[in-house]
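A short worksheet on the structure shown next.
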Amino acid sequence: MTPRRTALALPLAWLARPARAQLRRPPRVGYLHSVSIGPANNATRLIVGALKARGLVEGQTIFLRAGRGEPAILARVLDELVAIDPDVLVAVGAPAVLAAAQHVRRLPVVGVDLETDPVAAGLATSVARPGGHVTGLFLDQPSMAAKWLDLLLELAPTVRHVVFIWDAMTGPHQLHAATAQAMRRRLTSDVVNPFDPDALPSALATRTPGTTGVVMLTAPGITEHLPRIGVSLRAARVPGVTFLPNFVGHGFAMGYGIDQAHYYARAAAIVDRILDGDDPGAIPIERPTRFRFAIDVRITDALGLVVPNTLLAQADEVLE
Amino acid sequence: MSGPTLSLAQRLTLAFLGLVAAVLLVNGSISMWFAYREATEAAVRVEQEKADAAAERVAQFIAELEQQIGWTTRADWARVPMEQRRYDFIRLLRQAPAITELLFVDGGGHERLRLSRLEPDVLDSGTDLSADPRFRGARENRVWYGPVTFRRGSEPYMPVAMAHAGRNPGVTIADVNLKLIWEVITAIRVGGTGYAFVTDAAGRLVAHPDMSLVLRETDLSRLPQVASAITGAGERVRTARGLNGRSVLSAHATIPRLGWLVFVEQPTVEALAPVYAAAYQTLALLSLGVVLALGAGVFLARRLTGPIRALQAGAERVGQGDLTQRIDVGAADEIGTLALRFNEMAARIQEAQETLEAKVEDRTRELAQSLDELRAAQDRLVQTEKLASLGQLTAGIAHEIKNPLNFVNNFADLSRELIEELSSTMEKAGPALDPALRADVEEVCGTLRNNLDKITTHGKRADSIVRNMLAHSREGKSERRSVELNALVEEALNLAWHGTRAERPGFNITLEKRLDAGLGQVQIFPQELTRVLLNLFGNAFYAVQNKEGVGFQPHLLVTTEQRSGSVVVRVRDNGTGIPEPVRTRIFEPFFTTKPPGQGTGLGLSLSHDIVVRQHGGELAVATEPGAWTEFTITLPRGPVLEGRAA
Ligand SMILES: Nc1ncnc2c1ncn2[C@@H]1O[C@H](COP(=O)(O)OP(=O)(O)OP(=O)(O)O)[C@@H](O)[C@H]1O
Ligand SMILES: [Mg+2]
């Protein structure tokens, strides 16, 4: 802007400011996570962090609620948020997105969902033009599950049995793709609930080390449980693959998936546009463009596994 | 002249202002026109360069991709083991984040390797792709860029297929996610709020800073600038409406290998900001110039009209009669000269007026003097006539009284003689008469004698009065002759002094004479003039006698004086002086302040008659009551008055 226009714009903005302040109350944003809004939760940290950086204040203009993985709690806290009358609701995780989409018909919802196909689930008429009140970030790529399994096999070709950590609330698509691929690779498989602390250890207890591997499918709100899962993996001396590269470090050997920081920043951008008055039905659903791959060489070494060059070549991050 | 009349200063200011404003306006318009042309051309050039640079960046992005894919098209690649090929593909995916999927198709058109970021790797599927346009395109052109497609109707993808080197070559096919051009596009800065975007050959949006537009598969072929770019007609830079409807300066460049169009658009306001800036600058200079011209115009007009005003004001004041007014315009120019001439003129007028005044004053004074003289003469004439008629009246009365008085006197004398006769008769009768009777008769006769003596005495007195009265009518009867005036004066003084001494032996007075020796002979009636002098001296002696006071020294001064054509005799005493009510009447006949019986009041009346009527001279009195009295006789000299006297 040239100095001349600045000089013109400043007094105009000054005049316009009080009028706007009177007419418009400060925008309010609701944030609903399916499971957790704890400080360790990645999605919350990234998305809420980005929103706070835009000037929103927790408890005043942005209100956080978590469903604790329980549909009843989710429904209750959703009601609480709706009562606050937000201008836009950010829903993270498939259960929260679906609940929000069904609960309030007109409230704009920015969904962050790595599992659901928004068109198939009826949330949007098309990816380019959702047409309803829901838009956001949807990965919707069940085939990733097969890829995770292949990565596991590439690292540990001796694996004959795979345990899938799957949160039933995310829907069946990933598990279907995963089990189909396991069958294609002639593996036996098992499924455990990520939030059940006993499930994984008991699933691994009967298995011979060296022939067993673990694949963790997407599970919103799992961040806080990673240490526990990692302990189980290390205890059972089992290689594991997880759906996010930044989850590597607790005990998983590898992680492959979206560049979370890069992708989730888009959620805040979409919130901005809705607060600016854009129709959520006209904001295209965005899919990730960047993927990252991380290997924890400390784990593979501890397991006595030799990481092949093909994997090392893919790795964006190698923990040593 | 119609309309409101403007002052000279206003007209001068307007003229100056108009001149300067016109010059500035012409100059400003010309420079503004050139600045506009230049700035517009510059803006167009800049836009063009930006479009070229943006196209270059996008082309660079594609060229880098092509180069990276090129690693897998070496001639020996057909012979390397599958593991090595996979490894190369993995590395390629790692290097080129835009590539989402990689395929290797052998020379026979069968898929040998497929790597994807989202799918599991597929080895040796053997799928027949020999009819696939990607395979055929690469085999025909070596490098083939496919059309942009939108996955799920949203994300733009473009296949890039490259034939390998060697005989019956295989083909590497890469599926490129064009969303990653977004980073290239948003990195292109076009001024402050400008932007770049890319469409494919059909005008569909491939890259735009607003990703949503791309994800919505926006068709821009209806935008005029895009349509004309697609046909290749028209200018590369033009003004148009942007996607948001705002007026923009739009430039485009093509990427020939892809047929894509790269547009660079900048809000017209911003692109032409230098043009506007130049215009504003010119306008500012223009207004500054006009303001300066106004100031200078007003100043000059003041400088010019100030002296004229001063001149005007000066002329007005001179017109109102203030002849001392001088104008100082403080300038040596024409107006200064004019002021100088004006001052000279005013000075001359003032001078002329002052002389005129002096002359008028002189004349007025002279006139007043003449008038005074005239009045005095008139008074004198009136007085003279009055006195003359009174004198004649007196003479007439005297004439009438004279005969009866003669009778009285004569019969008184006769009666005395008769009484003498009676006495002598009685003497003769002697003793015949009773002594008592005789005594009675003697007594009566004595009384009669006394009475007759008194009648005689007072008759004589009345006779002398009558003679004096008659003197008024005696003019011309005596002779005018040349007389030594000084001698006459001395003789009269002697006579008077001795006369008074005879009456009052104790009388004493200092007599002073200042007689002009050059006086000589004067033609006069000596007898009458002696009367006059005697009377004056007598009056003076009476006045000093009546004055009382310790150490009072009676003094009389007689002066004669020779003048051209006249002689003057002054008689001055230090007696009682004459009070004002008395002074006006002293020349009237019978006016006297003496006790009854002592004075006739005819002395001065007669003297006046003699000096004025007989000699044609003047008799004046000056006095200060209680201090002195001076009578002045002025006599004309020589025969000039002969005729008048006769
Ligand atoms: N030298 C003088 N000083 C003061 N008074 C004078 C003098 N001469 C004349 N008078 C006044 O003028 C009056 C008139 O004078 P004028 O000679 O006519 O008459 P008179 O002296 O009174 O009488 P007469 O001359 O018959 O004796 C005087 O009565 C006197 O009052
Ligand atoms: Mg007298």
Side-chain angles (χ1 to χ4, degrees), chain A residues 1-6 117-119 124-130 135 138-151 153-154 177-178 180-181 184-185 256-259 262 266 269-270 273 278 282-293 308-316, chain B residues 82-95 97-100 115-123 150-157 176-183 191-193 205 210-218 267 269-277 279-281 284:
Chain A
M1 197 180 266
T2 61
R4 176 175 53 80
R5 286 179 58 197
T6 314
D117 177 342
V119 178
T125 51
S126 80
V127 173
R129 284 168 204 276
T135 182
F138 288 84
L139 174 58
D140 167 34
Q141 198 70 46
S143 62
M144 292 281 280
K147 200 160 174 62
W148 294 321
L149 184 62
D150 275 9
L151 286 169
L153 288 175
E154 195 162 3
Q181 185 72 356
R184 215 171 291 134
R185 301 293 183 218
Y256 178 73
I258 55 167
D259 182 341
H262 184 266
R266 298 295 306 154
I270 294 172
R273 292 188 55 168
D278 277 13
I283 301 174
I285 286 166
E286 290 192 31
R287 293 158 57 77
T289 46
R290 285 185 184 276
F291 295 88
R292 285 172 69 82
F293 178 52
N309 278 342
T310 46
L311 287 182
L312 284 175
Q314 285 182 59
D316 297 284
Chain B
M82 188 58 83
E83 257 326 283
Q84 180 62 45
R85 288 179 191 161
R86 186 166 163 266
Y87 181 72
D88 282 350
F89 266 21
I90 285 170
R91 275 178 56 207
L92 181 52
L93 282 176
R94 170 88 175 74
Q95 298 272 341
I99 298 173
T100 303
L115 261 66
S116 165
R117 293 188 189 276
L118 301 168
E119 311 269 349
D121 301 350
V122 179
L123 280 78
F150 288 80
R151 262 191 207 174
R152 292 175 163 210
S154 177
E155 293 187 301
Y157 276 86
V176 177
N177 184 351
L178 295 177
K179 271 168 83 180
L180 277 91
I181 300 180
W182 181 81
E183 281 162 23
T193 54
L205 197 59
D210 183 357
M211 181 65 83
S212 302
L213 292 172
V214 179
L215 297 179
R216 270 184 232 142
E217 202 190 334
T218 311
V269 182
E270 191 183 288
L272 296 181
V275 182
Y276 295 137
Y280 278 112
Q281 203 177 7

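Residue numbers begin at 1 in each chain, while the letters A, B, ... track the order of the sequences.
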Would you say [X] and [Y] make side-chain contact, with heavy atoms under 4.5 Å?
X      : Y      : value
A:R273 : B:D210 : yes
B:L180 : A:R290 : yes
A:D140 : B:R152 : yes
A:M144 : A:Y256 : yes
B:Y157 : B:L178 : no
B:S154 : B:E217 : no

Between [X] and chain A, which part of the residue has a heavy atom less than 4.5 Å away: side chain, backbone, both or neither?
X      : result
B:R86  : side chain
B:E155 : side chain
B:T100 : neither
B:D88  : neither
B:Q84  : neither

Under 4.5 Å heavy-atom distance to chain B, tell me which part of [X] shows up: side chain, backbone, both or neither.
X      : result
A:R287 : both
A:Q141 : side chain
A:D278 : neither
A:A177 : neither
A:R184 : neither
A:I285 : backbone
A:D150 : side chain
A:F293 : neither

**Contact winner vs chain A - B:V214, B:L118, B:L93, heavy-atom pairs under 4.5 Å** =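 Ranked by heavy-atom pairs under 4.5 Å with chain A, first place is B:L118.
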
**Asked** Do you know which of B:L213, B:N177, B:L215, B:I90 has the most heavy-atom pairs with chain A at a distance under 4.5 angstrom?
**Response**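 Between B:L213, B:N177, B:L215, B:I90, the count favours B:I90.
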
**Prompt:** Which residues pass the side-chain contact (heavy atoms from CB on, under 4.5 Å) test with A:P288, sequence neighbours left out?
**Reply:**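 side-chain contact (heavy atoms from CB on, under 4.5 Å) list for A:P288, sorted by chain: A:L139, A:I258, A:Y263, A:F291.
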
**Message:** Please evaluate residues A:E154 and A:T310 with respect to the criterion side chain to side chain donor-acceptor pair (under 3.5 Å), reporting the C-alpha separation (whole Å), side-chain torsions for both, the decisive distance (0.1 Å), and the verdict.
**Reply:** CA-CA 9 Å; A:E154 195 162 3; A:T310 46; 2.5 Å; yes

**Request:** Could you have a look at A:A282, A:G257, A:P142, A:S126 and say which one has the most heavy-atom pairs with chain B under 4.5 angstrom?
**Result:**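 Greatest number of close heavy-atom pairs with chain B: A:A282.
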
**Asked** Listed by chain and number, what are the ring pair (Phe, Tyr, Trp, His ring centres under 6.0 Å) partners of B:F89, not counting sequence neighbours?
**Response**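 In terms of ring pair (Phe, Tyr, Trp, His ring centres under 6.0 Å), with neighbours along the sequence ignored, B:F89 is linked to B:W77.
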
**Request:** Using modelled atom types only, decide if a donor and an acceptor are shared between the side chain of A:Q181 and the backbone of A:A145 within a distance under 3.5 Å.
**Result:**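 No; zero donor-acceptor contacts below 3.5 Å.
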
